Amino acid sequence: MAKLIITIDGPAGSGKSSTAKLLAARLGAAFLDTGAMYRAVTLAAMQSRCDLADTAQLEKIVDSTNFKFEIKDNRMTVKINGSDFTEKIRDPQVTANVSAVASMPSLRKRLVPIQRAFAGQYEKIVAEGRDQGTVVFPNADFKFFLTADGVERAKRRAKELTENGYKVDTNKLQTEIEKRDRQDSTRKVSPLIAAADAIKVDTTSLTLEQVVEKILGLIKKND
Ligand code: DC
C-alpha cells in the first residue's frame, strides 16, 4: 500500500489529468489515470466488434485480453495484447462509448483491484478518475474534487483534441461532455460524486499552475 495517497476526482475537462501529473511531479509521486483503463477496455471491446451493451461479452473480452498500464515519460501508456494504444484510447469514438462501458458493475469490479495494485507499487500516488476518493481509495490521505463550468471544460477539451489533430465543433463537444457527465453521475455503481471528505476546487478561472499551487497549499494546511 502506498504511504501517501491523493485522489483527484471530477468531471471531464475539469483539469484532473493535467493536475494529477503536475502535482505528482511536484511531490515526487506516481500518478494513476483510471480513465485510461476504462478507455482501454472500451477500445478492446470495439476492436473485437463486441456488443458494448452486452455485459457477458464485455466480461469475456476483459478476461481474455492482456492490458498493460505503465508510466513512461510522464504519461500513462496503454498496451493491449502487447501493442501500444496510448494515443488511440483518446479517439472521439472511444470517448463516445466509454461512459456506457464504465457503467457496468462487473467491469468496475475487475478494474478496481488493478487500480489498487497499480498504486501499491509506489510510495506516493496521485490517483485521478471519478470514484477514486469514494470507492477505490476511501482512506486516501487527501481527496480533491475538481469542477469547472461547462463552457470552460468544452474549450479545454477542444484545445486538447485540436492539438492532437482532430477537427472539433466546441458546441457539439459541450453537449457530448454534458451527456457523459450525466451518464457518469447518475449510474448506480460508483457514480461521479465528491466524497464527503473531499475538498472542492473550482478550476474555471485558474491556470494549471494555480490549481496545483492551491492543492499544495491545502495539503500543507491540512497535514
Ligand atoms: O477521465 P476520462 O475522460 O479519460 O474518463 C473516461 C471515462 O471513464 C469517463 O466517461 C468516465 C469513466 N471513468 C469512470 O467511470 N471511473 C473512473 N475512475 C475513471 C473514468
Side-chain angles (χ1 to χ4, degrees), residues 5-21 23-24 31-46 52 55 58 62 67 69 71 75-78 85-119 125-138 140 143-148 150 153-161 164 166 168 173-195 198 203:
I5 302 177
I6 298 171
T7 60
I8 301 186
D9 291 301
S14 58
K16 297 180 307 291
S17 300
S18 322
T19 301
K21 276 185 201 169
L23 182 66
F31 67 89
L32 167 60
D33 172 358
T34 57
M37 295 183 171
Y38 289 96
R39 286 173 179 273
V41 170
T42 305
L43 178 62
M46 287 165 68
L52 299 180
T55 309
L58 242 137
V62 175
F67 295 99
F69 305 100
I71 301 174
R75 67 195 306 216
M76 198 153 127
T77 60
V78 174
F85 286 100
T86 306
E87 304 289 341
K88 189 76 184 156
I89 59 161
R90 308 277 157 202
D91 197 283
Q93 278 174 321
V94 176
T95 305
N97 288 325
V98 63
S99 195
V101 171
S103 70
M104 288 182 187
S106 59
L107 170 66
R108 304 196 71 86
K109 230 184 193 164
R110 283 165 164 79
L111 290 190
V112 167
I114 296 174
Q115 294 165 14
R116 290 187 181 136
F118 186 96
I125 187 95
V126 180
E128 61 106 341
R130 305 293 189 286
D131 59 346
Q132 300 300 288
T134 48
V135 174
V136 184
F137 302 109
K143 299 180 186 180
F144 296 95
F145 191 86
L146 304 192
T147 58
R153 293 193 287 122
K155 269 199 221 157
R156 290 177 188 170
R157 269 292 144 98
K159 185 168 174 271
E160 197 179 290
L161 285 167
N164 286 311
Y166 293 103
V168 288
L173 202 59
Q174 189 178 342
T175 310
E176 283 166 8
I177 285 179
E178 282 164 1
K179 181 180 165 209
R180 197 146 67 95
D181 288 349
R182 243 188 336 270
Q183 269 179 312
D184 292 341
S185 310
T186 55
R187 68 177 175 229
K188 289 207 180 78
V189 176
S190 310
L192 164 64
I193 189 174
T203 71

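Order of listing sets the numbers, starting from 1, for every ligand and every atom in it. As the structure is a prediction and not an experimental result, all values here were calculated from the model.
Contacts between Gln132 and ligand 1 below 4.0 angstrom, taking non-hydrogen atoms only, involve the side chain exclusively. Counting heavy atoms closer than 4.0 Å to ligand 1, residue Arg90 contributes side-chain atoms (C-beta onward) but none from N, CA, C or O. Looking at Arg108 against ligand 1, only its side chain comes within 4.0 Å, counting heavy atoms.
Looking at Gln115 next to ligand 1, no N or O pair under 3.5 Å apart turns up. Residue-to-ligand polar distances place Arg130 within reach of ligand 1: an N/O pair is separated by less than 3.5 Å. Inclusion of Tyr38 in the set of residues having an N or O under 3.5 Å from an N or O of ligand 1 is not warranted. An N or O contact shorter than 3.5 Å is missing between Asp33 and ligand 1 by distance.
The ligand atoms of ligand 1 that sit less than 4.0 angstrom from a heavy atom of Arg39 are 2 (P), 3 (O), 4 (O), 6 (C). In summary, the atoms of ligand 1 found under 4.0 Å from a heavy atom of Thr34, numbered by their order in the structure, are 17 (C), 18 (N), 19 (C). Close approach to Ala102 involves these atoms of ligand 1, each under 4.0 Å from a residue heavy atom: 12 (C), 15 (O). Near Arg187, meaning under 4.0 Å from one of its heavy atoms, ligand 1 places the atoms 14 (C), 15 (O), 16 (N).
Arg108 and Ser103 are not linked by any side-chain donor-acceptor pair at a separation below 3.5 angstrom, with hydrogens and angles left out of the test.
One N or O on the side chain of Ser14 and one on the backbone of Pro11 form a donor-acceptor pair closer than 3.5 Å. Not one N or O on the side chain of Asp184 forms a donor-acceptor pair closer than 3.5 Å with the backbone of Leu192. Of the possible polar contacts, one joining the Asp9 side chain to the Asp131 backbone as a donor-acceptor pair under 3.5 Å is found. At distances below 3.5 Å, at least one donor-acceptor pair connects side-chain atoms of Thr86 with backbone N or O atoms of Val78. Checked by atom type and distance alone, the side chain of Lys143 never pairs as donor or acceptor with a backbone atom of Gln132 at under 3.5 Å.
Across Arg157, Arg180, Gln183, heavy-atom proximity to atom 9 (C) of ligand 1 is greatest for Arg180.
With sequence neighbours left out, Lys179 forms a side chain to side chain donor-acceptor pair (under 3.5 Å) with no residue at all. Residues meeting the ring-ring contact (aromatic ring centres under 6.0 Å, His included) test with Phe118, sequence neighbours left out: Tyr122.
Looking from atom 20 (C) of ligand 1 to the surrounding protein, the closest heavy atom is Gly35 CA, 3.6 Å. Asp131 OD1, 2.8 Å is the protein heavy atom nearest to atom 18 (N) of ligand 1. Considering only non-hydrogen protein atoms, atom 11 (C) of ligand 1 sits nearest to Asp184 OD2, 3.3 Å.
In this structure, Asp181 does not pair ionically with Arg157, as no charged nitrogen and carboxylate oxygen lie closer than 4.0 Å. Under a 4.0 Å N-O distance rule, the pair Glu178/Arg153 does not qualify as a salt bridge.
The closest approach between Glu128 and ligand 1 stays at or above 4.0 Å for every heavy atom of the residue.
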